Enquirer: 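What follows is a structure written as structure tokens; I'll ask about it next.
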Amino acid sequence: PLMITLHDIIYLEKMMLFGKQGSWYQKLGNLYRRWVVPTAVAKSRVVITVSDFERDRISRFFAMGGDRLFTVYNGVGSHFRPVEETGELERIRNKYNLPERFLFFLGNTDPKKNTMGVLAAFAAYREQNGDDIWLVMPDYPADALDSMLHEIGSPTLRERILLTGYIVNTDLPGIFSLCSAFLYPSLRESFGIPILEGMACGAPVITSNTSSMPEIAGDAALLVDPFRPDEIAGAIRKLMENEALRGELARKGLQQAERFSWGRMAEQVHALYQKAGNNMEK
């Protein structure tokens with residue numbers, strides 16, 4: 001019997017995410033998936049996906065019943081935990097030339113990551129509050145950033161944005177531990193592993209109230225409408241002005257992240273494979 005893990009069907013949905021934004025590589029990849037995934041699903045006895053939200057989307061799109069479609073949550077790497085050692089934090093800060101106070105945003109050129117919305121929100125926050133805080137963005141092309149800043153009418157914002165280049169995965173816990181808040185207001189996610197990575201390191205998280213993100217974040221993050229930069233800016237302001245709230249979200253985030261592990265994921269996937277094999281033997 002054929003079993004597949006289908007992380008999402010974003011490329012099959014009629015969403016305004018892949019218009020003028022997005023690279024040709026991303027667009028060709030989506031076209032390929034639109035061709036191959038429906039065939040694979042039709043042949044599959046069991047389909048695994050990564051959130052109840054995505055399970056509902058897949059079920060509706062393919063008219064698939066619950067006897068074939070199952071949710072198995074992703075996990076979070078065990079090395080994602082609060083970094084408290086002063087020497088390690090200094091090493092990370094010096095290696096990436098990090099400012100004293102910064103917001104951390106893991107975005108890329110994929111339109112669903114909402115980089116434009118985050119930049120507009122950061123511009124609005126700076127304009128309203130005159131804060132000296134920085135926005136740190138890893139592995140993002142400078143020319144793409146400059147183009148977006150001109151498009152939103154805030155080219156001078158570049159002076160407060162640090163592009164670190166590529167960040168080694170094992171250094172991410174230190175950056176999460178140093179940041180004032182972690183921004184992850186995507187337009188659409190099937191799961192959102194970075195939400196848990198930030199929480200597991202004690203970072204206060206701002207994420208979206210759409211798709212799977214409320215399911216994964218629970219009550220351990222500030223949820224915003226990702227299509228409204230003013231709402232993202234308001235959440236940033238709320239966190240920056242309320243130290244007690246930052247502490248509460250950090251505490252809740254640590255507890256929320258503990259609910260997800262790769263070991264638990266492996267056990268559940270293994271059980272589904274065993275079930276499918278046993279059914280074939282009968």
Side-chain angles (χ1 to χ4, degrees), residues 76-77 79-86 88-90 92-93 96 98-107 113-115 117-138 157 160-162 164 167 171-186 189 192-210 213-226 228-260:
V76 58
H79 66 289
F80 284 95
R81 55 185 181 273
V83 177
E84 299 174 346
E85 183 185 349
T86 303
E88 175 62 8
L89 292 174
E90 280 303 306
I92 296 294
R93 191 182 294 279
Y96 298 102
L98 298 173
E100 189 64 29
R101 298 175 64 246
F102 65 93
L103 306 170
F104 188 40
F105 171 56
L106 277 177
K113 294 303 182 183
N114 199 22
T115 302
V118 169
L119 293 175
F122 186 54
Y125 173 77
R126 291 266 302 148
E127 182 178 346
Q128 296 166 6
N129 297 272
D131 201 335
D132 64 351
I133 202 165
W134 286 67
L135 180 65
V136 171
M137 298 172 57
L157 195 66
R160 281 286 166 177
I161 299 176
L162 173 65
T164 64
I167 293 178
D171 286 344
L172 281 172
I175 296 180
F176 280 127
S177 298
L178 286 167
C179 72
S180 298
F182 173 51
L183 308 181
Y184 200 75
S186 297
E189 294 287 344
I193 291 176
I195 294 172
L196 298 179
E197 292 175 342
M199 288 180 173
C201 297
V205 175
I206 296 173
T207 191
S208 301
N209 61 7
T210 61
M213 288 167 278
E215 180 182 344
I216 305 307
D219 66 349
L222 289 186
L223 302 181
V224 297
D225 182 343
R228 293 186 54 189
D230 62 317
E231 197 166 310
I232 303 172
I236 295 172
R237 181 169 58 254
K238 191 174 182 179
L239 273 183
M240 294 305 100
E241 293 177 352
N242 193 331
E243 185 175 351
L245 177 60
R246 291 201 304 274
E248 179 185 3
L249 290 182
R251 177 180 55 79
K252 286 184 175 181
L254 290 170
Q255 296 173 347
Q256 181 72 359
E258 288 180 355
R259 296 179 54 224
F260 301 84

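Only a predicted model underlies this, so the values are computations on that prediction, with no experimental measurement involved. Here, residue 1 is the first one in the sequence, and each next residue gets the next number.
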Enquirer: Looking only at heavy atoms, what is the nearest atom pair of Asn129 and Arg237, with distance?
Expert: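 That would be OD1-CD, 3.3 Å.
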Enquirer: Can we say Arg246 and Glu241 salt-bridge, meaning some charged N sits less than 4.0 Å from an Asp/Glu carboxylate O?
Expert: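 No salt bridge links Arg246 with Glu241.
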Enquirer: Can you tell me how far apart NE2 (His79) and CZ (Arg81) are? Round to the nearest 0.5 Å.
Expert: 8.5 Å
Enquirer: Determine the minimum heavy-atom distance between Pro226 and Asn114, stating which atoms define it.
Expert: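 Looks like O-ND2, 2.9 Å.
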Enquirer: How many angstroms lie between atom CD1 of Ile216 and atom CD of Gln256, to the nearest 0.5 angstrom?
Expert: 8.0 Å
Enquirer: Does the pair Ile195 and Glu189 meet the rule for a side chain to side chain contact (heavy atoms under 4.5 Å, CB included), with working shown?
Expert: CA-CA 11 Å; Ile195 294 172; Glu189 294 287 344; over 6 Å; no
Enquirer: As an exercise, state the distance from CZ of Phe122 to CG of Leu183, rounded to the nearest 0.5 Å.
Expert: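 Separation between the atoms: 9.0 Å.
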Enquirer: List in chain and number order the residues that pass side-chain hydrogen bond (donor to acceptor under 3.5 Å, both in side chains) with Glu127, two or more places apart in sequence or in another chain; answer none if no residue qualifies.
Expert: none
Enquirer: Might you point out which heavy atoms bring Pro82 and Gly202 nearest each other, and give the distance in Å?
Expert: CG-N, 4.4 Å
Enquirer: Starting at CZ of Arg228, measure out to OG of Ser208 and round the result to the nearest 0.5 Å.
Expert: 13.0 Å
Enquirer: Going by heavy atoms in the side chains, are Ile133 and Arg160 under 4.5 Å from each other?
Expert: no
Enquirer: What is the ring orientation for Phe104 with Phe182, classed by angle as parallel under 30°, tilted 30 to 60°, or perpendicular over 60°?
Expert: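 Tilted: the ring planes of Phe104 and Phe182 meet at 30° to 60°.
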Enquirer: Check the pair Val83, Phe176 against side chain to side chain contact (heavy atoms under 4.5 Å, CB included), reporting the backbone distance first and the verdict last.
Expert: CA-CA 9 Å; Val83 177; Phe176 280 127; over 6 Å; no
Enquirer: Could you measure the distance from the CG atom of Leu103 to the CD1 atom of Ile236? Nearest 0.5 Å is fine.
Expert: 5.5 Å
Enquirer: With a 4.5 Å heavy-atom cut-off, do Pro99 and Leu162 have their side chains touching?
Expert: yes
Enquirer: List for me each residue that meets side chain to side chain contact (heavy atoms under 4.5 Å, CB included) alongside Pro214, sequence neighbours excluded, and say none if there are none.
Expert: Leu223
Enquirer: Run the side chain to side chain contact (heavy atoms under 4.5 Å, CB included) check on Leu239 and Leu249 step by step: do they pass?
Expert: CA-CA 10 Å; Leu239 273 183; Leu249 290 182; 3.7 Å; yes
Enquirer: To the nearest 0.5 Å, tell me how far Leu98 CG sits from Arg93 CZ.
Expert: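 Interatomic distance, Leu98 CG to Arg93 CZ, rounded to 0.5 Å: 6.0 Å.
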Enquirer: Can you confirm whether Leu172 sits close enough to Cys201 that some side-chain heavy atom of one is under 4.5 Å from a side-chain heavy atom of the other?
Expert: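 Leu172 vs Cys201: side chains apart.
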Enquirer: Which residues satisfy the ring pair (Phe, Tyr, Trp, His ring centres under 6.0 Å) test with Phe105, sequence neighbours excluded?
Expert: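 Listed in chain order: nothing, the list is empty.
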